Structures are given as C-alpha cells and as structure tokens.
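The structure under discussion appears below in the form of structure tokens.
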Number of protein chains: 2
Amino acid sequence: MRPDDISEVRKLHLFEDMQDSNFQTMLNAAYLQTFPAQSELIREGDSADFLYVVMEGSIELFAKSNGRETTMAIVRPVNTFILAAVLKDAVYLMSARTVERSRVLMIPTDNVRTAFESDPDFARSIVTELAGCYRAVIKDHKNLKLRSAVERLANRLIKYHAEQGANGVVELFHDKRTLAALLGMTPENLSRAFNTLKPYGVEVKGNCIKLTDLAALDVLAKPNQLIDDRTV
Amino acid sequence: MRPDDISEVRKLHLFEDMQDSNFQTMLNAAYLQTFPAQSELIREGDSADFLYVVMEGSIELFAKSNGRETTMAIVRPVNTFILAAVLKDAVYLMSARTVERSRVLMIPTDNVRTAFESDPDFARSIVTELAGCYRAVIKDHKNLKLRSAVERLANRLIKYHAEQGANGVVELFHDKRTLAALLGMTPENLSRAFNTLKPYGVEVKGNCIKLTDLAALDVLAKPNQLIDDRTV
DNA sequence: GTGATAGATTGATAAATATCAAATTGGACC
DNA sequence: GGTCCAATTTGATATTTATCAATCTATCAC
C-alpha cells in the first residue's frame with residue numbers, strides 16, 4: 001500500500017482524528033484490492049465483513065427487488081461505503097459493483113468495531129459520518145418525492161457542474177443508463193429529459209455536457225440547498 | 001414529568017446505557033410540552049435547538065420544495081426524531097407537526113452533545129441509533145424506487161398488520177391524506193389503490209381496514225425483508 | 001477498414017399517476 | 001335531527017413515465 005494511499009485514507013474525516021496506533025493497526029489488517037469493471041463486491045442480504053474505501057475508480061451501490069433494480073448511489077474516491085451495516089453488525093441493504101476498474105481498500109469489520117470501542121475520537125468521527133450519510137439519503141429521498149424526472153436531471157447537472165469547477169462543461173463519470181437509474185427513470189426517459197433541457201442551454205455530446213445558459217437552467221431546476229447542497 | 005415518562009424514555013435504546021448522572025442531568029434540562037393537533041414543532045432550514053422525544057400522540061415529519069410537500073415519516077411514542085441534525089449541529093432537513101394532540105419531551109441540543117462527548121456508552125448507543133435511522137431511510141428509498149404505488153400500499157398494510165398483532169384488522173393512526181403522502185401518491189390514488197386491493201381481501205371502513213385474504217395480499221405485495229423488516 | 005456489439009436515441013403506445021371537479025360520507029356542533 | 005365542513009371517493013381527463021421496438025452511434029477487436 002502506497003504512502004500516498006495511506007495519507008489519502010488518513011485525510012478522510014472518518015479517520016483523521018483516530019489515534020495513530022489504532023489507525024496503524026487497522027491498516028495492517030486491511031487489504032487493498034483491484035477489481036475490474038463490473039465486479040460485484042458485496043451483495044445485499046449478506047453479512048458485512050469489511051468496511052470499504054474507494055481509492056480509485058468508482059462503485060455503484062444498487063438494490064434489487066421483485067425483478068427490478070435501481071441505483072442508490074455512486075461512490076467515488078476517496079470515500080467509504082456501507083459504514084452503517086458494519087457498525088450495526090447487520091446485513092448489507094445494497095449490493096456494490098465497480099463501474100470501472102477500481103482500487104478498493106477493505107478493512108475487516110472486527111477491526112473497525114474494535115477501534116470504535118476503544119478510540120473515543122474515532123467514535124466521534126463515526127457519529128459525524130453516520131449523521132452525514134443519513135442526511136444525504138434524506139436529501140435523496142426528498143429529491144425523488146418532490147421533483148419530476150426532468151427537474152432531478154437539471155439539478156444533478158447543476159450540482160455536477162459546480163463540483164467540476166463550474167466552467168460550463170460537465171463530464172459524466174458513468175454511463176447514462178446508470179445516471180438514469182440513479183435519478184429514478186428509464187434510460188429512454190433520461191434521453192428525452194436531456195432533449196427537454198435543450199432549450200435551457202444543455203448540449204449533450206456523449207458523456208460531455210455543455211451548459212450554455214445557466215440562468216435559464218437554474219430557473220427550471222430551482223435548486224434548494226436543503227436538497228442539493230452536499231455540505232448541508 | 002411523571003415517573004412513567006422517565007422510565008419510558010430511559011428504556012429507549014438510545015438512553016438505556018447512559019450513565020445515571022448524565023441521564024439525570026439531561027432530563028433536568030428538558031421540557032415536557034403538550035401541543036395541540038397540527039402544531040408545527042420545527043421548520044426545515046432552522047437550526048436544531050432540541051432533540052425531540054414523542055411521549056404521546058404522533059408527529060409528522062414533512063418536507064417542502066417549490067410549492068410541493070411530502071410526508072417523510074410518522075413518529076410515534078416513544079421515539080426520538082432529528083437526532084442527526086442535533087449531532088451535526090446542522091439545520092433541520094424536515095419540518096415536524098403534530099398529527100394529533102401530543103406530548104413531546106424536548107432535550108436541549110447542548111445537553112445531548114455534552115453527554116455524547118462525556119459518556120462513551122451513550123456515544124455507542126448514538127452510533128447504533130444513527131445507523132438504524134440511516135438504514136430505515138435506505139429502505140424507504142428502495143421502497144419508493146422499486147415498487148409501484150399499489151405495491152407500496154399493500155406492503156404497508158402487511159407491515160401495520162404485523163405490528164398491530166396480526167388479528168386481521170389494521171387501524172390507521174393518521175388520516176388517509178397523510179398515508180398517501182407518506183407512500184408517495186395523491187389521496188385520490190390512495191383511494192384507487194385501496195379499490196385495486198379489494199379483490200385481495202382488503203376491506204376499508206374509514207380508518208379501519210380488514211384483511212381477509214392475507215395469502216393473496218402477500219402474493220401481490222411480495223414483501224422483502226431488506227425493505228420491509230424494521231429489525232433488519 | 002470491417003464487423004460486431006453495447007449503449008443511446010427515437011418513435012409508438014401503454015400504463016401509472018396527477019390534476020381537476022363533483023359527489024358522497026362522516027364527524028362535530030347546535 | 002339538521003347544518004356545516006373537512007375528508008374521502010368517484011369520475012373525467014391530462015400528464016408523466018414506462019415499455020417495446022427500431023434505428024443510430026461509438027467503440028473495440030480483428
């Protein structure tokens with residue numbers, strides 16, 4: 001495991017206040033694995049064996065029921081996923097697969113729990129992290145319940161735009177079928193939604209989307225900090 | 001505050017392992033208030049001043065955006081709500097109003113945070129509680145994304161039935177408009193969904209719903225533990 | 001360069017859901 | 001019992017979204 005990787009993991013809010021020795025112990029027990037695209041890492045319903053940290057690439061969290069499937073989140077570096085199942089010693093509620101070739105750090109559940117029990121600063125960071133995860137899902141849920149498909153796409157583009165430097169261009173980091181599933185619509189309707197946004201200055205070229213009239217897009221999207229602001 | 005109330009609060013997983021002195025200190029700082037029906041307790045976007053515990057009655061957590069409103073949860077006794085905002089010292093993402101006349105214990109945010117910082121057992125319980133809240137919202141989100149309105153109603157009836165003793169009758173503890181909003185549909189469509197469930201043994205008489213063919217209802221609903229089981 | 005293939009787009013249609021309006025029902029109050 | 005009013009149901013219609021199918025496009029392997 002490269003020093004770069006270690007310092008990247010250490011910088012995560014979850015781990016930054018952890019005692020050095022505990023952090024080291026935990027890292028010693030961890031595995032760094034590379035997975036090719038479309039590899040399934042975890043399956044919903046299975047027991048949680050590891051806490052996962054995406055170091056490179058991206059991971060799709062998805063769920064299935066009764067023949068249907070939906071995307072719940074895309075996790076990008078450097079971030080953890082399925083912390084709650086680890087801490088509750090419960091089953092996964094979502095499956096996870098690599099979107100692209102990815103490097104993933106896998107920390108055994110027992111080590112996470114041991115550190116949690118013995119390191120108050122880590123415990124505090126866990127609480128903050130969990131509260132943040134909870135609030136993020138609440139916001140996703142509000143987004144889905146309070147907005148139409150087109151509105152959800154518009155707000156997602158504005159969000160990606162801001163995250164990518166706000167220079168008029170958005171690069172999608174996963175395919176459109178996954179974006180559709182994430183936004184709660186079919187791929188066909190995603191395509192149609194993009195067309196609906198054309199008069200609002202949205203030009204689509206493959207995975208590259210140019211936003212040429214941000215003011216108009218904003219009026220249609222009506223961003224709401226209590227839904228769209230990842231820092232709230 | 002009645003001894004009954006105190007022991008009810010103490011029995012909550014969140015508080016049961018807390019040091020006695022910390023629990024007492026926190027209760028000494030708390031207010032027990034009675035609110036009439038349709039009182040707004042908190043407003044989304046405001047700073048979190050209290051952690052709330054429903055002692056009697058019920059509370060609707062709801063959200064608004066761009067002229068639309070939706071119900072996110074109904075909280076019944078004895079349960080807390082908006083723990084994450086308290087712990088993150090953040091704004092509320094949802095508003096809350098009483099469904100009926102309710103008694104609510106309000107614990108100042110500072111006291112909760114102080115106890116969290118000084119009582120490791122409390123901190124541990126907080127982590128478990130937050131993880132549980134997170135997982136509950138994930139399940140709600142899956143429910144909304146993976147099921148049609150009729151399916152959501154069917155599963156909700158089965159869930160209420162099990163919770164209410166599984167004796168063939170379900171009593172709704174809030175009006176149907178709220179149930180509709182909770183399940184992500186209009187009141188009109190809720191009414192229609194009930195009619196759709198009639199051939200599956202669902203007889204509606206006001207707030208009282210008789211389930212006369214559980215096997216048929218189950219086949220239509222296709223419950224999934226990873227969505228519907230509150231203990232998972 | 002060619003062929004194959006998966007993803008995306010487009011078109012047509014069906015189904016699910018919302019909106020609007022009117023009618024009915026049940027509960028509270030006098 | 002009568003009246004009022006809010007909640008619910010029912011009906012009609014519109015809108016949104018999904019499904020199915022065909023076509024197009026971009027990428028990859030040879």
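Remember, predicted model here, so these are calculated numbers, not experimental data. Here is the naming used below: chain letters follow the sequence lines, and residue numbers restart at 1 for every chain.
- For A:K176, a side-chain nitrogen or oxygen approaches OP1 or OP2 of C:dT9 to under 4.0 Å.
- Counting only heavy atoms from C-beta on, A:E188 has its side chain closest to D:dA21 among C:dC20, D:dA21, D:dT17.
- Residues A:E40 and A:R97 are not paired through a salt bridge, judged by the lack of any N-O separation under 4.0 Å between the basic side chain and the carboxylate.
- Closest to the side chain of B:D175, out of D:dA7, D:dT9, C:dT9, is D:dA7.
- Distances shown here put every side-chain N or O of A:T186 at or beyond 4.0 Å from the OP1 or OP2 atom of D:dT17.
- Aromatic ring pairs are classed by plane angle as parallel below 30°, tilted from 30° to 60° and perpendicular above 60°; the pair A:Y160 and A:H174 is perpendicular.
- Dashed line: the shortest gap from a side-chain N or O of B:N189 to OP1 or OP2 of C:dA18 is under 4.0 Å.
- Note: NE2 (A:H174) to C1' (C:dG7) measures 15 Å, nearest angstrom.
- Contact check on B:E44 versus A:K142 returns a salt bridge, with a Lys/Arg side-chain nitrogen under 4.0 Å from an Asp/Glu carboxylate oxygen.
- Separating the CZ atom of A:R147 from the C1' atom of D:dT16 is a distance of 17 Å, rounded to the nearest angstrom.
- Remark: side-chain polar atoms of A:T196 are paired, donor with acceptor, to backbone N or O of A:R192 under 3.5 angstrom.
- Rounded to a whole Å, the CE atom of A:M185 is 16 Å from the P atom of C:dT17.
- Across C:dA21, C:dT10, D:dA7, the shortest atom-to-atom separation from the side chain of A:N195 is found for C:dT10.
- Looking at which nucleotide of DNA chain D each of A:S148 and A:K205 is closest to, the 5′-most match is held by A:S148.
- When the C1' atom of C:dA18 is taken as reference, atom CG of A:L146 falls 15 Å away, rounded to whole Å.
- Separating the CG atom of A:L179 from the P atom of C:dG7 is a distance of 15 Å, rounded to the nearest angstrom.
- Checked against D:dT8, C:dG11, C:dT19, the side chain of B:R192 finds its nearest nucleotide in C:dT19.
- To the nearest angstrom, P of D:dA18 lies 11 Å from CG of A:L190.
- By the 4.0 Å N-to-carboxylate-O rule, B:R135 lies too far from B:D140 to be salt-bridged with it.
- Distance, B:L153 CG to D:dT9 P: 11 Å, rounded to whole Å.
- Rounded to whole angstrom, the span from the CD atom of A:E151 across to the C1' atom of C:dA18 amounts to 14 Å.
- The side chain of B:R177 sits closest to D:dA7 out of C:dT17, D:dA7, C:dT9.
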